[in-house]
Amino acid sequence: SSTASLHRDFFDVREVGRGEHGIVFRCVRKMDLWPYAVKVLPRCMGARDRESALQEIYALAAQGDNPHAVRYYSAWEEDDIIHIQ
């Protein structure tokens with residue numbers, strides 16, 4: 001499932017939003033007990049959608065502290081599912 005890795009590394013996983021490009025979950029990371037938002041992008045993305053997702057990751061990583069955007073922590077891919085934390 002798309003949340004398998006979330007449940008391995010996080011607890012209290014709750015969906016908070018859903019859109020055309022993925023689902024956003026609020027969850028607490030087991031390692032540090034801090035809450036995070038994690039966007040999960042679907043497995044069935046085509047090449048163009050995947051490239052768009054990677055561009056989003058690059059932009060979030062490059063922006064630094066921005067009071068008008070969610071802070072970027074990390075991103076990973078597991079079983080062809082992209083996660084952005």
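- Nearest heavy atoms, Val28 versus Arg26: CG2-NH1, 3.5 Å.
- Residue Leu41 comes nearest to Ala53 through the heavy atom pair CD1-CB, 3.4 Å, listed as atom of the first residue, atom of the second, then distance.
- Residues meeting the salt bridge (charged side-chain N to carboxylate O under 4.0 Å, His left out) test with Glu51, sequence neighbours left out: none.
- Between Tyr73 and Tyr36, the angle of the ring planes goes over 60°, which puts this pair in the perpendicular group of the 30/60° scheme.
- A heavy-atom distance below 4.5 Å is not found between the side chains of Val16 and Phe25.
- With values rounded to the nearest 0.5 angstrom, Asp65 atom CG is found 6.0 Å from Arg71 atom CZ.
- Distance check: Glu77 CD to Ile57 CD1 gives 8.5 Å after rounding to the nearest 0.5 Å.
- The side-chain hydrogen bond (donor to acceptor under 3.5 Å, both in side chains) with Lys39 is formed by just one residue from the set His83, His21, Glu56; it is Glu56.
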Self-check item: Step-by-step side-chain contact (heavy atoms from CB on, under 4.5 Å) determination, Arg8 to Glu78
Solution: CA-CA 12 Å; Arg8 184 185 62 238; Glu78 188 171 333; 3.1 Å; yes
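- Taking all atoms of both residues into account, the shortest heavy-atom contact from Phe11 to Lys30 is CD2-CG, 3.9 Å.
- Side-chain heavy atoms closer than 4.5 Å link hydrophobic residues (I, L, V, M, F, W, Y) into clusters, and following such links, possibly through other members, connects Trp34 to Phe10.
- The nearest pair of heavy atoms linking Leu60 to Val70 is CD2-O, 4.1 Å.
- Atom CH2 of Trp76 is separated from atom CD1 of Ile82 by 12.0 Å, given to the nearest 0.5 angstrom.
- Contact annotation: the side chain of Val24 never approaches that of Val38 to less than 4.5 Å [non-hydrogen atoms, C-beta and beyond].
- The neighbour count for Arg18 CZ, taken as heavy atoms of other residues, nucleotides or ligands under 6.0 Å away, does not exceed 12.
- The CG atom of Leu6 lies 13.5 Å from the CZ atom of Arg14; values are rounded to the nearest 0.5 Å.
- In this structure, SG on Cys27 lies 12.0 Å from CD on Glu15, to the nearest 0.5 angstrom.
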